[in-house]
Protein chains: 2
Amino acid sequence: MTQDPLSLDNQLCFAIYSASHAFTKAYRPLLTELGLTYPQYLVMLVLWEKRAASVTEIGAALGLDTGTLSPLLKRLEKTGYIRRERSREDERQVMIALTTPGMTLKVRAQEVLKSIGQAIGCDLEQMRTLMDGLRRVRRNLEEA
Amino acid sequence: MTQDPLSLDNQLCFAIYSASHAFTKAYRPLLTELGLTYPQYLVMLVLWEKRAASVTEIGAALGLDTGTLSPLLKRLEKTGYIRRERSREDERQVMIALTTPGMTLKVRAQEVLKSIGQAIGCDLEQMRTLMDGLRRVRRNLEEA
DNA sequence: CGCAATTATGTTGTGCGCAATATAATTTTA
DNA sequence: TAAAATTATATTGCGCACAACATAATTGCG
């Protein structure tokens, strides 16, 4: 650690980058069972929480732009978990709503979460400090 | 926090996912100056440390497969930072070596790192516990 | 009111990430 | 040693991520 500041082992960015990939790799086989990719799962998390939302609202929650969301939502619609319909009050907006299969999928997602929780062997206390640290880093990077 | 276990705010995976994106977003303008993308920068970190390596060695260090690395390395070669040449001992291997521009680029990368360090406002102690936590999570996920 | 800015979404192009597959060189083994 | 298995790299195809640009609806300002 007193080595080169540019060594891979010293990079917080890489620790986060590789942990993120480890997570999606762990989720992938479980989510494939549900017919979801990891980013699609994130969108479903938003919708299970909000019931319905515009594309922009989903994007704000996840930090994604329409270039990513627009085709992703089309795929989710094709799978049958969401409906996309133009808002009548504001014809620019496309409201995204869960279908019945999309709503009932939540039960199976809870099982997925349970599996992942076991895998990371979550000490609640450590996990909280970890999440606090990550949010602090994220906030600082976004403000800078 | 006593809410739905599936709420976005409770997801460690999303805290990591969004922190990772915040990092690449912070790095992007700085790395663009150097003619690098973030994953290309990671490859350069490996090469600055090892001087030269096979495709597989780089992949092992970063957790990437040849499907990702093969085209990425071609782009790095085109930019002029690396050379790709078949090993004579083992004709299957392609050895990746830094060019002179690739080597001298390290000096400018040190400046980039300094900027990022200021942005995250790194308390060394907090940063270490953060990295320890991330490595623990990653290890657990990969073992499971 | 009418036109200029803004807002919401979509499209295109580039690069990453990975599964699946292909190919060629090397090693193992029968 | 010849055939089978393994290893190293490359290619294809799909989905995400994002910049840049396009379009249509709404808002605001003169």
Side-chain angles (χ1 to χ4, degrees), chain A residues 13-14 17-29 31-32 35-44 52-79 82 84-96 142, chain B residues 13-14 17-29 31-32 35-44 52-79 82 84-96 142:
Chain A
C13 63
F14 180 67
Y17 169 92
S18 57
S20 179
H21 286 311
F23 250 119
T24 62
K25 215 163 289 185
Y27 267 109
R28 186 171 298 115
L31 292 179
T32 298
L36 293 174
T37 64
Y38 180 71
Q40 289 169 10
Y41 168 71
L42 293 180
V43 169
M44 294 302 285
S54 71
V55 177
T56 305
E57 282 172 328
I58 295 172
L62 300 178
L64 297 173
D65 65 7
T66 68
T68 301
L69 283 176
S70 193
L72 185 155
L73 292 169
K74 278 190 189 165
R75 284 185 286 268
L76 271 182
E77 185 181 39
K78 199 168 169 187
T79 308
I82 65 165
R84 295 160 65 244
E85 36 195 40
R86 291 265 160 199
S87 160
R88 244 167 309 292
E89 300 122 45
D90 186 338
E91 287 278 342
R92 291 170 305 179
Q93 284 194 119
V94 173
M95 293 304 293
I96 310 297
E142 284 171 351
Chain B
C13 63
F14 180 66
Y17 169 92
S18 57
S20 180
H21 286 311
F23 249 119
T24 64
K25 216 163 287 185
Y27 266 110
R28 187 173 297 114
L31 292 178
T32 299
L36 292 174
T37 64
Y38 180 72
Q40 288 169 10
Y41 167 70
L42 292 180
V43 169
M44 294 302 285
S54 70
V55 176
T56 305
E57 282 171 329
I58 296 172
L62 299 178
L64 297 173
D65 65 7
T66 69
T68 301
L69 284 175
S70 192
L72 185 155
L73 292 169
K74 278 191 187 165
R75 286 186 285 268
L76 271 181
E77 183 181 41
K78 200 169 169 189
T79 308
I82 65 164
R84 295 161 64 244
E85 37 195 39
R86 290 265 160 201
S87 160
R88 242 168 311 292
E89 300 122 45
D90 187 337
E91 288 277 342
R92 290 170 304 179
Q93 284 193 116
V94 173
M95 293 304 293
I96 309 297
E142 285 171 350

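Just so it is clear: chains get the letters A, B, ... in the order the sequence lines come, proteins before strands, and each one is counted from 1. Everything numeric here is computed off the predicted structure, so don't read it as measured data.
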Task: Pairing residues for A:Y38 by the ring pair (Phe, Tyr, Trp, His ring centres under 6.0 Å) criterion, not counting sequence neighbours - done: A:Y27, B:Y17
Task: Whole-Å gap separating C1' (D:dT11) and CG (B:L73) - done: 15 Å
Task: A:L64 side, atom CG; A:L69 side, atom CG - distance, nearest 0.5 Å - done: 5.0 Å
Task: d(CD1, B:I58; C1', D:dA8) in whole Å - done: 13 Å
TODO: For A:E89, answer base if it contacts any base atom (sugar-phosphate contacts may also be present), sugar-phosphate if it contacts only those atoms, and nothing otherwise; contact means non-hydrogen atoms under 4.0 Å.
DONE: sugar-phosphate
Open item on the list: If the condition is side-chain hydrogen bond (donor to acceptor under 3.5 Å, both in side chains), which residues does B:E85 pass it with, not counting sequence neighbours?
Closed with: none
TODO: Specify the separation, in whole Å, of atom CG of B:L69 and atom C1' of C:dG15.
DONE: 13 Å
Open item on the list: Please tell me if B:R86 has a side-chain N or O lying less than 4.0 Å from either OP1 or OP2 of C:dT26.
Closed with: no
Task: Counterpart residues, salt bridge (Lys or Arg N to Asp or Glu O under 4.0 Å), relative to A:R86 (two or more places apart) - done: none
Open item on the list: Would you say B:K74 places a side-chain N or O within less than 4.0 Å of OP1 or OP2 belonging to D:dT11?
Closed with: yes
TODO: Could I get the full list of salt bridge (Lys or Arg N to Asp or Glu O under 4.0 Å) partners for B:R84, not counting sequence neighbours?
DONE: B:E77
TODO: Using atom CD of B:E91 as one end and atom P of D:dT6 as the other, report the distance to the nearest whole Å.
DONE: 23 Å
Task: Contact letters for nucleotides 17-24 of chain C, in which S counts primed atoms plus P, OP1 and OP2 and B counts the base, heavy atoms under 4.0 Å - done: BBB-----
- [ ] By nearest nucleotide on DNA chain D, pick out whichever of B:S70 and A:T37 is the more 5' one.
- [x] B:S70
- [ ] Provide, to the nearest angstrom, the distance between the CD atom belonging to B:Q93 and the C1' atom belonging to D:dA10.
- [x] 15 Å
- [ ] To the nearest Å, give me how far apart CD1 (B:I82) and C1' (D:dT9) are.
- [x] 14 Å
Open item on the list: Can you measure B:I96 atom CD1 to D:dT9 atom C1' for me and round it to whole angstrom units?
Closed with: 10 Å
- [ ] Looking only at side-chain atoms of A:V94, point me to the closest of C:dG10, C:dA8, D:dT26.
- [x] C:dG10
- [ ] Using the closest heavy atom to pick a nucleotide of DNA chain C for each, name whichever of A:T56 or B:Q40 lands nearer the 5' end.
- [x] A:T56
Open item on the list: Rounded to whole Å, please give me the gap between NZ in A:K78 and P in D:dC14.
Closed with: 10 Å
Task: Gap separating the CZ atom of B:F14 from the OG atom of A:S20, nearest 0.5 angstrom - done: 10.5 Å
Return a table of donor-acceptor pairs under 3.5 angstrom between the side chains of residues 54-61 of chain A and protein atoms on other chains or two or more places apart.
| unit_1 | atom_1 | unit_2 | atom_2 | d |
| --- | --- | --- | --- | --- |
| A:S54 | OG | A:E57 | N | 3.2 |
| A:E57 | OE1 | A:S54 | N | 2.8 |

